[in-house]
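Report on the structure given below.
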Amino acid sequence: MPAVSKGDGMRGLAVFISDIRNCKSKEAEIKRINKELANIRSKFKGDKALDGYSKKKYVCKLLFIFLLGHDIDFGHMEAVNLLSSNKYTEKQIGYLFISVLVNSNSDLISLINNAIKNDLSSRNPTFMNLALHCIANVGSREMAEAFAAEVPRILVAGDTMDSVKQSAALCLLRLNRTSPDLVLMGEWTARVVHLLNDQHLGVVTAATSLITTLAQKSPEDFKTSVSLAVARLSRIVSSASTDLQDYTYYFVAAPWLSVKLLRLLQCYPPPEDGAIRGRLTECLETILNKAQEPPKSKKVQHSNAKNAVLFEAISLIIHHDSEPTLLVRACNQLGQFLQHRETNLRYLALESMCTLASSEFSHEAVKTHIETVINALKSERDVSVRQRAVDLLYAMCDRSNAKQIVAEMLSYLETADYSIREEIVLKVAILAEKYAVDYTWYVDTILNLIRFAGDYVSDEVWYRVIQIVINRDEVQGYAAKTVFEALQAPACHENLVKVGGYILGEFGNLIAGDSRSSPLIQFDLLHSKFHLCSVPTRALLLSAYIKFINLFPEVKGTIQEVLRSDSQLRNADVELQQRAVEYLRLSSIASTDILATVLEEMPPFPERESSILAKLKRKKGPGNLHPDLDENRKERSANGGTADHSSTTSNAKVLLLSCCLLIRMTHCFLIVTVTSPKVAASPTPSTDLLGLGSTITTQNSAPPASKGTSLLVDVFSENIAAFPVETPVAVGPVADENFSRFVCKNNGVLYENQLLQIGLKSEFRQNLGRMYVFFGNKTSTQFMNFAASVPADPTVDGGAQLQQILNIECMSDFVDAPVLNIQFRYGGTLQNVAVKLPITLNKFFQPTEMTSQDFFQRWKQLGAPQQEVQKIFKAKHSMDTEVTKAKIMGFGAALLDGVDPNPSNFVGAGVIHTKTTQVGCLLRLEPNTQAQMYRLTLRTSRDTVSQRLCDLLSEQF
Amino acid sequence: ITFLTLHFLSSPAIQIRFILIQNRAGKTRLAKWYMQFDDDEKQKLIEEVHAVVTVRDAKHTNFVEVRLYACLSCLQFRNFKIIYRRYAGLYFCICVDVTDNNLAYLEGIHNFVEVLNEYFHNVCELDLVFNFYKVYTVVDEMFLAGEIRETSQTKVLKQLLMLQSLE
């Protein structure tokens with residue numbers, strides 16, 4: 001048996017290592033190391049030339065010191081010298097030092113490459129392997145440039161030793177990953193594929209990795225590998241357990257090679273050739289059969305190796321998703337593993353079954369294991385196994401078992417690990433909504449979620465239950481009753497207070513008939529929680545109180561008293577104070593009719609899952625500065641509505657009516673008071689994800705505009721300049737100087753003249769967007785009658801009258817951007833400013849990650865001449881790679897690494913979302929730094945989109 | 001899932017990201033990296049892997065998912081998994097993509113350990129310390145460029161014996 005004695009070869013090294021190990025403290029260790037470093041330095045600097053052995057020993061000591069975590073700043077040259085030694089042990093230490101301490105010192109790189117070159121052509125297989133391993137370990141660009149042509153030649157040469165072939169194959173793989181543009185497989189492709197037929201299974205093992213990687217990048221070129229891989233696999237799985245001798249591992253024939261071959265086959269669809277397909281199916285059946293045979297050994301290595309192949313075979317079966325019998329057999333096999341005594345197998349079976357659950361052929365078969373999976377949830381000791389059980393329950397859930405699964409997940413939640421609670425909460429919330437037949441069940445489920453795991457219930461979840469209650473009449477009474485009961489608990493979670501406040505504010509009247517939940521009791525119950533809650537929740541409760549004043553006139557006095565108290569009216573939090581002031585005033589001044597209008601029940605939310613923003617209706621026509629009041633309503637969410645007035649400059653004041661999510665204003669809500677000389681607006685941070693705070697689509701029942709306007713004037717009659725005031729004025733030239741700056745970014749200054757500065761902040765998701773526009777008065781005089789509006793645009797809907805928020809929806813692809821018209825009176829003169837809003841088609845990009853294979857497949861599919869638009873243009877800015885990357889990502893596309901064979905090119909992909917369609921877009925940007933030119937190619941399924949995106953992006957470089 | 005705060009450059013096809021051998025105290029006995037990391041990242045990874053792996057016992061699986069930056073420039077997180085096995089006081093850990101074959105790598109570790117055991121004649125931790133430069137040779141024979149290179153113990157040991165006999 002081969003064996004090595006401790007530290008043989010280099011006694012000095014062994015002594016040094018022992019010394020280090022004997023050091024009692026870190027300080028002692030550092031001292032010993034410094035002593036050694038000084039010693040080595042003097043040896044290297046000394047006059048006496050060192051012999052190979054000493055050099056090797058010292059370089060090896062330096063390496064050891066480096067691996068202990070200390071910096072090494074010398075010895076590189078001595079290591080490089082060792083490369084040209086003709087002794088293996090010296091060469092090996094040299095190469096090891098180079099591989100571990102990769103240094104891009106250019107002087108050395110050429111020396112190193114020179115040594116590698118000599119070794120590659122030495123015809124000494126040991127030296128060739130050392131050189132190949134070094135290239136594979138370092139894989140630098142310089143090495144790729146030097147050896148990308150040589151390595152494939154070594155790989156396919158007839159007289160290359162098997163072990164060198166193995167190294168060459170993987171060395172080539174590494175170069176292909178780091179510098180794909182330099183590794184040109186063209187002429188070698190067929191010969192590389194044929195390595196799958198090699199006699200030596202080690203060569204096949206290495207080659208299969210190489211071919212798999214190459215096939216992922218260019219499947220078409222390597223598709224002949226399918227039949228060879230199937231043939232090879234077939235020979236392995238049908239061999240007797242001892243046939244393959246060296247490659248049999250615990251009675252399993254070549255398990256790692258089998259796994260690799262099965263992986264390679266997952267790069268392709270099922271073989272079209274019937275014979276190959278039949279042979280593959282036979283292989284897969286054999287593998288499944290073997291799983292049923294009694295084990296040939298009790299050792300875990302035997303079962304692991306066998307099951308490694310089995311799981312990979314099942315992956316392939318799922319990947320093909322075309323053979324119902326195999327899918328069901330796979331499912332049954334995994335079902336057996338679910339109860340196996342090995343934790344690893346139970347874990348892997350749960351994981352694998354998750355993917356089986358999504359196949360129509362095996363979904364029902366997976367469902368039969370529900371009891372076992374539920375049991376796993378309760379009894380598994382490893383949290384990652386329980387996590388997989390949750391995943392699988394989620395994947396197998398459908399209408400038939402939803403109630404059971406949701407109930408089990410809920411009860412598990414009470415004891416679940418903190419690390420997975422939030423995920424379970426989300427999953428339960430999604431399932432409860434998706435499979436809700438009656439919404440009382442849904443409401444109960446969500447309230448239970450809050451009760452069991454309130455801290456893990458994210459805003460999306462409680463927003464969503466409110467949306468659903470508002471949209472479904474039949475559940476509103478039940479919801480009010482249930483939250484009322486839930487709030488009785490002495491300690492209830494703040495999320496429950498939020499939901500309770502909102503729902504009682506809207507629908508408390510539905511249970512007010514019962515004397516146990518009379519208006520006053522409802523109010524007292526809510527208010528008893530008030531002082532324990534955070535500011536956003538208190539803000540929401542204040543809005544619920546004003547809603548109560550409308551619903552129940554009898555509690556008006558009580559509530560006004562609360563609002564009037566110092567703790568509200570003088571609250572240190574500006575949002576709370578403002579709400580208290582405004583609500584108190586609203587409740588004192590407004591007539592019941594006005595209250596009823598302002599505080600009307602919330603209209604249904606648009607039926608759109610997870611939508612942040614709703615659509616704002618188009619306006620009538622360009623040039624019409626009258627805000628179309630009927631068509632605009634604004635709401636801000638209680639959460640998002642914390643307008644921070646105090647942050648603006650002291651002499652600036654814009655009074656934002658803090659209309660919160662409970663109050664429905666029937667027209668524009670932003671009113672500019674002119675009590676101070678400066679106009680400024682403050683941002684509204686938006687935190688809502690589900691659109692509670694978004695604009696509501698127009699209701700037919702909206703009261704006439706004039707009524708709305710007068711209402712506001714009534715309420716805030718001091719110093720009010722409500723618009724519209726001026727007659728429409730012709731719009732002057734439209735400013736668009738800064739327009740193109742916003743193509744790849746969303747925030748910045750859009751416009752500036754001596755009087756006015758306009759800043760923008762915007763966010764986009766799918767076909768919706770929201771833009772915050774900020775107006776700053778640069779003068780010391782006040783602007784009177786300030787108004788801003790966006791006229792209708794044929795494709796992008798803009799809306800809202802003044803500075804705050806524009807909601808945008810992309811209806812179809814478009815070129816022209818909407819224009820923002822601003823009008824105000826400055827020193828007696830009416831000022832008009834028109835600015836093009838930077839809403840461009842690319843804002844509605846959703847980035848798409850994809851593999852090289854997918855990319856090129858789609859690229860080919862979009863090959864029609866009108867789908868491609870190409871532009872060659874001169875660089876306007878410096879051609880910096882990082883800047884270019886940032887621009888492409890800012891443009892909205894996903895930047896795909898490693899797709900283009902030439903790494904200096906940029907490749908991106910994404911989907912443009914409009915209301916009606918989605919347009920897939922692929923782009924490629926090829927810089928030519930010498931000529932300072934770019935070539936930009938866009939391929940999309942729609943010619944107008946290709947053209948527009950190309951025009952927009954090409955202006956950016 | 002444990003959160004690690006390191007970035008992984010996006011290179012979709014690489015299989016093994018790194019191989020680590022650590023003792024229970026967290027001392028590294030081998031670190032073989034198949035991607036570019038800077039020294040700080042390596043140190044952080046070593047510590048995180050140690051923290052994740054040593055708290056697990058025999059009732060746990062031999063796999064742990066970890067969440068790491070997949071790409072620095074786009075700040076995307078991606079899951080990876082550590083496949084590990086404990087031999088006496090040593091943890092052998094391999095980091096791979098979540099889609100990779102767990103059992104194949106788990107047995108890959110064992111195969112490697114059996115080779116070390118033969119090569120060093122009942123390998124112990126000290127062998128790995130004193131012969132660290134030879135361990136790298138064993139690794140390169142069995143794993144190269146993040147892929148499994150040779151799986152036959154006979155072939156690997158024959159090659160190692162041949163190298164051992166060279167000057």
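Naming convention: chains lettered A, B, ... in sequence-line order (proteins, then strands); numbering from 1 in each chain. Quantities reported herein were computed from a predicted structural model and do not represent experimental measurements.
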Check your understanding: Just wondering, do B:T137 and A:L96 contact through their side chains at under 4.5 Å, heavy atoms?
Key -> no
Exercise for review: Report yes if some heavy atom in the side chain of A:H200 is under 4.5 Å from a heavy atom in the side chain of B:E150; otherwise report no.
Suggested key: yes
Review point. Can you name the ring pair (Phe, Tyr, Trp, His ring centres under 6.0 Å) partners of B:Y136, sequence neighbours left out?
Key: none
Measuring heavy-atom distances to chain B, does [X] have an atom under 4.5 Å in its side chain, in its backbone, in both, or in neither?
| X | result |
| --- | --- |
| A:L170 | both |
| A:L67 | side chain |
| A:R21 | side chain |
| A:E380 | neither |
| A:L132 | neither |
| A:V138 | backbone |

Inter-residue atom distance [X].[atom1] - [Y].[atom2], 0.5 Å rounding:
| X | Y | atom1 | atom2 | value |
| --- | --- | --- | --- | --- |
| B:L166 | A:Q92 | CG | CD | 10.5 Å |
| B:K81 | A:S384 | NZ | OG | 11.5 Å |
| B:N101 | A:K260 | CG | NZ | 12.0 Å |
| A:E312 | B:N102 | CD | CG | 10.0 Å |
| A:N344 | B:H60 | CG | NE2 | 11.5 Å |
| B:E107 | A:H302 | CD | NE2 | 11.0 Å |

[X], part contacting chain A, at a heavy-atom distance under 4.5 Å:
| X | answer |
| --- | --- |
| B:K158 | neither |
| B:N122 | neither |
| B:E114 | side chain |
| B:L106 | side chain |

For chain A, which candidate among [options] shows the most heavy-atom pairs at distances under 4.5 Å?
| options | value |
| --- | --- |
| B:Q153, B:Q43, B:K27, B:R56 | B:R56 |
| B:A58, B:A31, B:A104, B:G108 | B:A104 |
| B:T28, B:T99, B:L160 | B:T99 |

Point to revise | Between A:S163 and B:Q159: side-chain donor-acceptor atoms closer than 3.5 Å | key: no
Review point. In terms of side-chain heavy atoms, does A:Y88 have a donor or acceptor partner in B:Q164 at a distance below 3.5 Å?
Key: no
Point to revise | Working for salt bridge (charged side-chain N to carboxylate O under 4.0 Å, His left out), residues A:D162 and B:K155 | key: CA-CA 11 Å; A:D162 290 330; B:K155 288 224 159 66; over 6 Å; no
Return the minimal non-hydrogen interatomic distance between [X] and [Y], and the atom names on each side.
| X | Y | value |
| --- | --- | --- |
| A:Q166 | B:R149 | NE2-O, 3.0 Å |
| A:A14 | B:F130 | O-CE2, 3.4 Å |
| B:T61 | A:D382 | N-OD2, 2.9 Å |

Practice item. Report the relative orientation of the aromatic rings in B:H110 and A:Y249; use parallel for angles under 30°, tilted for 30 to 60°, perpendicular for over 60°. Key: perpendicular
Exercise for review: Tell me the residues of residues 84-93 of chain B whose non-hydrogen atoms fall below 4.5 Å from those of chain A, in number order.
Suggested key: B:R85
Check your understanding: Run the side chain to side chain donor-acceptor pair (under 3.5 Å) check on B:D140 and A:N137 step by step: do they pass?
Key -> CA-CA 9 Å; B:D140 279 352; A:N137 283 324; 3.3 Å; yes
